[in-house]
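Notes follow the structure.
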Amino acid sequence: MSSSGIPHSSHWGAFHATPDGEGLRVTPHPDDPAPSSLLQNVPVAATPTARVLRPHVRRGWWEDGPGPDERRGRDEFLAVGWDELLDRVAADYARVLAEHGPRAVYAGSYGWASAGRFHHSQSQLHRFSNVLGGAVRSTWTYSHGVGEVLMPRIVGSQEPLISPTAWSSVEAHTDLVIAFGGLPAKNSEVASGGISRHEVAGRLRSAKARGAEFVLVSPLRDDLATELDADWLDVVPGTDTALLLAMCHVLLTDGTCDADFLTTHTAGSQEFLHSLRGGDDGIEKTPEWAAEICGIPAGRIRDLARRAVRGRTMVMVSWSVARARFGEQPLWAAVAFAAMIGQIGLPGGGFGHGYASTGGVGKRAGSYPLPTFPQFADPLRVRIPVARISDALLHPGEPYEVDGRHENYPHLRIVHWAGGNPFHHHQDLQRLQRAFRAAETVIVHDPFWTSTARHADVVFAATTTLERDDIGAARYDDRLIAMGRVHAPLGEARDDHAVLADLAGRLGVGDRFTEGRTAQEWVEHLYEEWRSGPASRAGILAPTYAEFVAAGEFALPAEPGEKVMFASFRADPETFPLRTPSGRIELHSSTIAGFGYDDCPGHPVWLAPEEEPDGEFPLRLVANNPATRLHSQLDHGATSQAGKVAGREPVRMHARDAAARGLHDGQVVVLRSRRGSCLGGLVVSDAVREGVVQMSTGSWFDPVAGAAAGVTCGYGNVNVLTRDVGSSRLAQACTGQHATVQVSAFDGVPPRVTIFDQP
Ligand code: PGD
């Protein structure tokens, strides 16, 4: 340990940890210009609070055996020994594989897990299932599932959401940033795999100092930093498509759209422009038409479209804007608007999807290889769209459509999850409870008694990153961190690798899984293999593992040049076509049109969400990602707890909406939707559009406190309110951002939150 502590890393930043008396002191990496406040959630992980300290099993499963069970999520847990539990789990795996084959096992195991290239839960679980003959997995993400499917169809790759034009290019060249969904600092603090320097806020500040202007399109004013002095268009949630189509209409009728660019670089512009004129439905997509839908006055829509063609404009759409019903449409409409401006492929111009949705997007091109844990190939190759997990468990064998394909859900009997928390991240949690009860065996590895662990049959006590050595590295970051073990595992917790190695051994594939290495030997092996192989070939002169550990980190060389997305395509579309059927940006896609989906036709259209506010549920809910923790991780940590209001997840509401309901700041309220209800702590705020309430994800689902209060969740998990439906038949992606709700006062004494207690 150096004088500053043990080097370590997390998805929200690199840091040093120092065991300090009873606790743990966490200090940010010295080179981080804007460290995340989430670091102060870390010390709680080193305490027994909410930790799974021993392996546990649900009594009903242990005594009565596997099978669908209504007691799952309500039953008692028994602490048992590792060996006896692993024996029983191995026997059940063997039964299911022998009787039903690998198509009966779900090891999709979606989730952010933790930083570190070796002890990454999903990588470990996927390698385990691959050596066993495969398992059903998930495809795409909750973060940007719409973009993952739509972008390859219309621009030939996922580049706009993974590595768009670099921030440095925006900083130097953009005159106008139009940010649909904003550029919230809270999201840019986080980057999968870890980030050692948080740069987004500084880049934005320096663009502003150069003279760049910002327009924020969001129902929430704080989706963009106040210091950027943005014009705020407080759009009605879920209506950005109407706004964008009207902006396209303005360029068309003004004659300011770049007709040459449309001819040389796009396909299907005629169909799209025809639809703007009302060719599809007889409705001209004028600003007056859009104003009625999106709540932004027609004059402001017209002004914004005209500003966009005056200088260099970057159209940014956050991942969250697409995380909604018909989420394909705002994204596709934004691409169409940027194409009409004609600056795609120029420095600081065009569009990007997900700037500041994590700190990594636009940071580095990620061209260097990283140490990587090999997972083997998946022999089964059966995937379900990640957010269709409840559908799959509740409707085995039934057909569904996705991205032009007709598929059938497999019959899943074992659900095996490591490094994710579906009882935080999935929509309509009461439906997810019914889905989990339909499985025969649910196995969860987690360091904490999350609600997912409480809905399992088998709970494997996992270590946290603080309890193991690893290599911290991420595609977006510019250094490797020698993550050091900070303290011994609490209780009987074991690394996911060790548990899966023991299970693999019992199933006869132990040697293939471990290749004879311990976890520590693997970490060193991954590093050395990278150093002498891919790193060396890429011209990176990395130190030996021992030197790396002694130094605590290794800085990767700077990547050459400033990335401008689609620059070569712009310069010469014949030589560098996009990987679309036309080789061009598809404003109308014959392929998508050919699927015949009324929920995602062949070009961007306005589709009104099916669930509109009404007398019973008059408010629009924005269920966004939280500012005080990463998703649900370390919700019991200091930063997360400091953000609670009356001990619940904050719910923000405009003063006029609060007054209309007789509600006041700081009181406990009940939110209800057609799916369920939860408590929250009210914050009256003019940063929220009237008619909208905002509540973040990630408070742990507490049905016990909920039962005491006569609601579904007594603590404030917003996903009891959201709707479990795909974006469309194209992407079938998560739609958790929006719902309609009512909010009222909670009468009586709020129940004690029980979710951090030992079960
Ligand atoms: P996390 O809370 O990060 O949420 O959902 P995700 O499931 O990723 O869960 C990670 C889990 O991994 C935690 O329980 C943590 O304790 C565990 N873990 C950490 N380290 C280890 C380890 O080493 N071993 C093991 N076994 N476990 C470990 C996030 C998902 O939520 C995402 S990405 C998005 S973008 C979605 N966003 C929304 C949204 O905008 N709106 C709604 N309504 N819902 C959403 N859900 C989605």
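All values derive from a computational prediction rather than experimental measurement. Both counts, for ligands and for their atoms, begin at 1 and track the order of listing.
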Please tell me if the side chains of Tyr106 and Ser138 come closer than 4.5 Å, counting only heavy atoms from C-beta onward. yes

What orientation do His631 and His424 show, parallel under 30°, tilted 30 to 60°, or perpendicular over 60°? tilted

Option nearest atom 17 (C) of ligand 1 (shortest heavy-atom distance, choices Thr465, Asp446, Asp428): Asp446

Nearest atoms (heavy-atom pairs only) where Ile195 meets Trp12: CG2-C, 4.4 Å

Determine whether the aromatic ring centres of His119 and Phe373 lie less than 6.0 Å apart. no

For Ser699 against Lys644, the heavy-atom pair lying closest together: OG-NZ, 2.7 Å

What do you reckon, does Arg468 have a nitrogen or oxygen under 3.5 Å from a nitrogen or oxygen of ligand 1? yes

So is there a nitrogen or oxygen of Thr697 less than 3.5 Å from a nitrogen or oxygen in ligand 1? no

Using a 4.0 Å heavy-atom threshold (strictly under), name the region of Thr450 that reaches ligand 1: side chain, backbone, both or neither. side chain

Could you work out, with ring pair (Phe, Tyr, Trp, His ring centres under 6.0 Å) as the rule, every residue matching Trp700, not counting sequence neighbours? His636, Phe756

Are Phe118 and His497 near enough that their ring centres are under 6.0 Å apart? yes

To check your reading of the model: name the closest protein heavy atom to atom 41 (N) of ligand 1, its residue, and the distance in Å. Ala623 O, 2.9 Å

Short N or O distance, His119 and ligand 1, threshold 3.5 Å exclusive: no

Sole candidate of Phe448, Phe436, Trp449 that passes ring pair (Phe, Tyr, Trp, His ring centres under 6.0 Å) when paired with Phe423: Phe436

By number and element, which atoms of ligand 1 are closer than 4.0 Å to a non-hydrogen atom of His445? 25 (C), 26 (N), 27 (N)

Minimum side-chain heavy-atom gap Asn717-Glu649 below 4.5 Å: no

Is Thr452 near ligand 1, meaning one of its heavy atoms is under 4.0 Å from it? no

Between Trp319, Trp112, Tyr142, which one has a non-hydrogen atom sitting closest to atom 33 (S) of ligand 1? Trp112

Under 3.5 Å: N/O of Phe448 near N/O of ligand 1: no

Considering the heavy atoms of Gly111, write down every atom of ligand 1 situated less than 4.0 Å from one of them. 6 (P), 7 (O), 8 (O)

Who passes salt bridge (charged side-chain N to carboxylate O under 4.0 Å, His left out) against Arg325, sequence neighbours left out? Glu610

Distance-only donor-acceptor check, side chains Thr465 and His8, under 3.5 Å: yes

Enumerate the atoms of ligand 1 whose separation from the nearest heavy atom of Gly419 is less than 4.0 angstrom. 10 (C), 11 (C), 12 (O), 25 (C), 26 (N), 27 (N), 28 (C)

Taking atom 30 (C) of ligand 1 as the point of reference, which of His738, His425, Met695 owns the nearest heavy atom? His425

Just to check, does Ser121 reach to within less than 4.0 Å of ligand 1 when the distance is taken from its heavy atoms? yes

Under 3.5 Å, N or O to N or O, is His631 touching ligand 1 that way? no

I'd like the name of whichever of Ala461, Ala387, Pro447, Ser320 reaches closest to atom 27 (N) of ligand 1 through any heavy atom. Pro447

In Å, rounded to the nearest 0.5 Å, how long is the span from CE of Met151 to CD of Gln158? 10.0 Å

Say whether Gln427 and ligand 1 are in contact under the criterion: heavy-atom distance to a ligand atom below 4.0 Å. yes

Determine whether a donor-acceptor pair (N or O, by modelled atom type, separation under 3.5 Å) exists between the side chain of Arg648 and the backbone of Gly714. yes

Ligand-side contact atoms (ligand 1) for residue partner Asn719, heavy atom cut-off under 4.0 Å: 42 (C), 43 (N), 44 (N)

Per-atom contacts of ligand 1 with Gly736, taking only distances under 4.0 Å to non-hydrogen atoms: 41 (N), 42 (C), 43 (N)

For Ala462, which part has a heavy atom under 4.0 Å from ligand 1: side chain, backbone, both, or neither? side chain

Atom 24 (N) of ligand 1 [closest protein heavy-atom partner, distance rounded to 0.1 Å]: Asp496 OD2, 2.7 Å

Paired with Tyr142, the side-chain hydrogen bond (donor to acceptor under 3.5 Å, both in side chains) test is passed by just one of Arg323, Gln427, His426, namely His426

Please list, in number order, the atoms of ligand 1 under 4.0 Å from a heavy atom of Asn421. 7 (O), 9 (O), 14 (O)

With atoms numbered from 1 as shown, which atoms in ligand 1 lie under 4.0 angstrom from a non-hydrogen atom of Gln633? 1 (P), 2 (O), 3 (O), 10 (C)

Taking the inter-plane angle between the rings of Trp319 and His353 on a 0 to 90° scale, is it parallel (under 30°), tilted (30 to 60°) or perpendicular (over 60°)? perpendicular

Please could you name the atoms of ligand 1 that Ser632 approaches to less than 4.0 Å, counting only its heavy atoms? 1 (P), 2 (O)

Relative to ligand 1, is Arg323 under 4.0 angstrom through side chain, backbone, both or neither, heavy atoms considered? side chain

Kindly confirm or rule out an N or O of Ala418 lying under 3.5 angstrom from an N or O of ligand 1. no

